[in-house]
Engineer: 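Below are the structure tokens for one structure; questions will follow.
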Amino acid sequence: MREPEIRCPQCKWRPKMDSRWCCNPGCQHEWNTFWTAGVCPACAKAWITTVCPSCHVRSPHKDWYHFPDDDEEVVKEEIAEKADA
Ligand SMILES: [Zn+2]
Ligand SMILES: [Zn+2]
């Protein structure tokens, strides 16, 4: 399986190794949220959204992961689920 590309869904900014996010509101711990899939390693708070340090837009954490081969399949699955319901 290929490594996903991680980038801001809004401005395409890519997190760097030394990028840090603050657990706020929370325990104020600073860490790279993409090393832990959005979970604060200090207090275990799961961050569903991640703010972009470049454009300051808050986006769902999962939207930062881009799988070049999977995008089309995901859309097809969503359509199939709607058809069943
Ligand atoms: Zn925390
Ligand atoms: Zn951005």
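One-based numbering, in listed order, for ligands and for the atoms of each.
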Engineer: Taking all non-hydrogen atoms of both residues, which atom of Lys16 and which atom of Trp13 are closest, and how far apart?
Structural biologist: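 Taking every non-hydrogen atom into account, NZ-NE1, 3.5 Å.
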Engineer: Would you tell me whether Thr36 and Trp31 have side-chain atoms, one donor and one acceptor, within less than 3.5 Å of each other?
Structural biologist: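 Yes, because at least one side-chain N or O of Thr36 sits under 3.5 Å from a partner of the opposite role on Trp31.
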Engineer: Can you name the nearest heavy-atom pair linking Asn32 to Met17, along with the distance?
Structural biologist: ND2-O, 3.7 Å
Engineer: Looking only at heavy atoms, what is the nearest atom pair of Pro60 and Trp64, with distance?
Structural biologist: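 It is O-CD1, 3.4 Å.
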Engineer: If I take the Zn ion (ligand 1) as the centre, what angle separates the SG atom of Cys43 from the SG atom of Cys23? Nearest 10 degrees is fine.
Structural biologist: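 Output for this angle: 110°, rounded to tens.
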Engineer: Within rounding of 10°, what is the angle whose vertex is the Zn ion (ligand 2) and whose arms end at SG of Cys52 and SG of Cys8?
Structural biologist: 110°
Engineer: Which value, rounded to 10°, describes the SG(Cys11)-the Zn ion (ligand 2)-SG(Cys55) angle?
Structural biologist: 110°
